[in-house]
J.: 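Sharing a structure here in structure tokens format.
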Number of protein chains: 2
Amino acid sequence: MKDLVSRCPIEEVMQVLSGRWPTLLIYYLQEGTKRFGELRRDNPTISHRMLTLELRKLQEAGIVERTEFEGYPLRVEYNLTPAGHQLVPLIDALGDWWETHTSADVHEVL
Amino acid sequence: MKDLVSRCPIEEVMQVLSGRWPTLLIYYLQEGTKRFGELRRDNPTISHRMLTLELRKLQEAGIVERTEFEGYPLRVEYNLTPAGHQLVPLIDALGDWWETHTSADVHEVL
DNA sequence: AGTAAATTACGCACTTTTTTGTTACCAGGA
DNA sequence: TCCTGGTAACAAAAAAGTGCGTAATTTACT
């Protein structure tokens, strides 16, 4: 998904939230401040390249805040911004919708 | 995003909604029944292969319903399912969140 | 005391994998 | 022949993974 096809805000959010990692990272950051290495341990299958890339993207989108501390070894902390926190219930709502609509329903792919 | 990393419903929805097209297609189908060709005209930059692929995915996810009519030339109609309609406000909420949080805010990337 | 090694959060270049696009082809009636 | 709504095969593009390097300080060993 290189660039957008419309100027619709929905397309813009989805560009940020699309993929396996954004919502997972938001989910873990919701628990509180996390360091780079902690996030790696939280999701062991992400590569460090992807993790930095995704964190940068979320940061640019104003969802995540990055704080770098002086000293060695380098220490960096990640948090959700206020906007990021506001986003959480919306994402949860999607999860809830999915659960309810896949449980009772008719269209099951068996 | 080949397969999932957790059994979290959020990851499952995002697998379906990720990418440029799913939300756009839902948006257009919200207007009512659409035929394959109409959807192509609605989003001229999608390739017909992608369109079929995405529609199949949405269909399997229980968001879209496909109705095939006998006769030639072949006629096929697409609709949102009830679950699909319920999903719309949730997606809109994301768009609204994006709008409000990118407009007033501090983290602008200029 | 002196040296070696580990630590943290990446960036960069290169390779592999995955996704998307392109083209050709199908059916049968107007 | 064109129309519709596809499918299948191959090609191109994009995304993701891998391994190496880096910085300055602690810790580990001899």
Side-chain angles (χ1 to χ4, degrees), chain A residues 1-6 11-12 14-25 28-29 32-61 63-80, chain B residues 1-6 11-12 14-25 28-29 32-61 63-80:
Chain A
M1 192 166 41
K2 275 301 272 298
D3 31 49
L4 297 166
V5 123
S6 64
E11 213 192 325
E12 294 177 11
M14 290 314 295
Q15 196 177 30
V16 174
L17 298 185
S18 278
R20 203 207 312 292
W21 305 117
T23 50
L24 270 178
L25 294 178
Y28 283 114
L29 286 169
T33 297
K34 296 265 181 167
R35 297 181 55 179
F36 188 84
E38 291 183 270
L39 289 169
R40 293 211 62 186
R41 263 166 266 131
D42 286 338
N43 355 252
T45 60
I46 197 173
S47 68
H48 66 280
R49 183 171 170 278
M50 266 297 99
L51 182 53
T52 40
L53 256 41
E54 296 289 325
L55 285 170
R56 291 277 176 287
K57 194 175 63 172
L58 292 172
Q59 192 189 342
E60 275 173 36
I63 294 168
V64 159
E65 189 186 20
R66 198 186 98 108
T67 319
E68 199 176 299
F69 293 90
E70 296 299 322
Y72 286 84
L74 191 58
R75 190 160 74 92
V76 178
E77 289 186 353
Y78 291 93
N79 295 280
L80 287 190
Chain B
M1 192 163 44
K2 273 299 270 303
D3 32 48
L4 298 165
V5 124
S6 63
E11 214 192 325
E12 294 177 11
M14 289 315 293
Q15 198 179 27
V16 174
L17 298 184
S18 279
R20 203 207 314 288
W21 305 115
T23 50
L24 270 178
L25 294 178
Y28 283 114
L29 285 170
T33 298
K34 296 263 179 167
R35 297 183 53 179
F36 188 84
E38 290 182 271
L39 289 169
R40 294 210 59 185
R41 263 166 265 131
D42 287 336
N43 351 254
T45 60
I46 197 173
S47 67
H48 64 283
R49 182 171 170 278
M50 266 294 101
L51 183 53
T52 41
L53 257 42
E54 296 288 325
L55 285 171
R56 291 281 175 281
K57 192 174 65 172
L58 292 172
Q59 192 188 343
E60 276 173 34
I63 294 166
V64 159
E65 189 186 21
R66 196 185 100 108
T67 318
E68 198 172 314
F69 294 89
E70 296 298 322
Y72 288 84
L74 191 58
R75 188 161 75 93
V76 178
E77 289 187 353
Y78 290 93
N79 294 280
L80 288 190

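If you're wondering where the values come from, they're calculated on a predicted model, not measured in any experiment. All values below were derived from every heavy atom in this structure, side-chain atoms included, with hydrogens, water molecules and symmetry-related copies excluded.
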J.: Return yes if some donor-acceptor pair links the side-chain N/O of B:Ser18 with the main-chain N/O of A:Ser18 below 3.5 Å, else return no.
T.: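 Not confirmed, B:Ser18 side chain does not pair with A:Ser18 backbone.
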
J.: I'd like the 5' and 3' limits of the part of DNA chain C contacted by chain B, with heavy-atom contacts below 4.0 Å.
T.: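 Answer, 5' to 3': C:dT18 to C:dG29.
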
J.: Could you pull out all residues at least two apart from B:Glu70 that satisfy side-chain contact (heavy atoms from CB on, under 4.5 Å)?
T.: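 Testing B:Glu70 for side-chain contact (heavy atoms from CB on, under 4.5 Å), a comparison that skips the adjacent residues, returns none.
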
J.: Could you write out each protein N or O paired with an N or O of nucleotides 18-23 of chain D at a distance under 3.5 Å?
T.:
from	atom 1	to	atom 2	distance (Å)
D:dG19	O6	A:His48	NE2	3.0

J.: If I take atom CG in residue A:Leu51 and atom C1' in nucleotide D:dA15, what distance separates them, rounded to the nearest angstrom?
T.: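 Going from A:Leu51 (CG) to D:dA15 (C1'), I get 16 Å.
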
J.: Using a cut-off of 4.0 Å on non-hydrogen atoms, how would the nucleic acid contact of A:Arg20 be classed: base, sugar-phosphate, or nothing?
T.: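 Result for A:Arg20 = nothing.
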
J.: Is any side-chain heavy atom of A:Gln59 closer than 4.5 Å to a side-chain heavy atom of A:Arg56?
T.: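 In contact.
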
J.: Please classify the nucleic acid contact of A:Tyr78 as base, sugar-phosphate, or nothing, using heavy-atom distances under 4.0 Å.
T.: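 Sugar-phosphate: the residue A:Tyr78, judged by heavy atoms under 4.0 Å, touches backbone atoms but no base.
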
J.: Distance from A:Glu11 atom CD to B:Leu24 atom CG, nearest 0.5 Å?
T.: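 If I round to the nearest 0.5 Å, the distance is 5.0 Å.
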
J.: Considering heavy-atom distances to DNA chain D, does A:Trp21 or A:Gly71 have its closest nucleotide positioned more toward the 5' end?
T.: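 The 5'-side residue here is A:Trp21.
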
J.: Got a sec, which residues hit side-chain contact (heavy atoms from CB on, under 4.5 Å) with B:Thr52, two or more places apart in sequence or on another chain?
T.: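 Result, side-chain contact (heavy atoms from CB on, under 4.5 Å) vs B:Thr52: B:Phe36.
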
J.: I need the CE-P distance between B:Met1 and D:dA16, as an integer number of Å.
T.: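 It is 9 Å, rounded to the nearest whole Å.
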
J.: Salt bridge or not for A:Glu60 and A:Lys57, using N-O below 4.0 Å?
T.: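 Judged by the 4.0 Å cut-off on N to carboxylate O distance, A:Glu60 and A:Lys57 do not form a salt bridge.
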
J.: Expressed as a whole number of angstroms, how long is the span from B:Arg66:CZ to D:dT4:C1'?
T.: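 Going from CZ in B:Arg66 over to C1' in D:dT4 covers 12 Å.
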
J.: With nearest nucleotide decided by heavy atoms, which residue, B:Leu53 or A:Val76, maps closer to the 5′ end of DNA chain C?
T.: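 Its nearest nucleotide being more 5', the pick is A:Val76.
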
J.: Base, sugar-phosphate, or nothing: which does B:Arg56 touch, judged by heavy atoms less than 4.0 Å apart?
T.: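 Sugar-phosphate contact only.
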
J.: B:Glu54 CD to D:dG5 P: how many Å, rounded?
T.: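 Interatomic distance, CD of B:Glu54 to P of D:dG5: 18 Å.
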
J.: Restricting to side-chain hydrogen bond (donor to acceptor under 3.5 Å, both in side chains), what partner residues turn up for B:Glu12, sequence neighbours left out?
T.: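 Counting only residues at least two positions away or on another chain, B:Glu12 forms a side-chain hydrogen bond (donor to acceptor under 3.5 Å, both in side chains) with A:Trp98.
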
J.: Identify all side-chain donor-acceptor contacts of residues 41-50 of chain A below 3.5 Å with residues at least two apart in sequence or on another chain.
T.:
from	atom 1	to	atom 2	distance (Å)
A:Asp42	OD2	A:Lys34	NZ	2.9
A:Asn43	ND2	A:Leu39	O	2.5
A:Ser47	OG	A:Met50	N	3.3

J.: Between B:Asn79 and B:Val64, is any pair of side-chain heavy atoms under 4.5 Å apart?
T.: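 With C-beta onward as the side chain, the pair stays apart.
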
J.: Rounded to whole Å, please give me the gap between CG in B:Leu55 and P in D:dT7.
T.: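 Value for this atom pair: 11 Å.
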
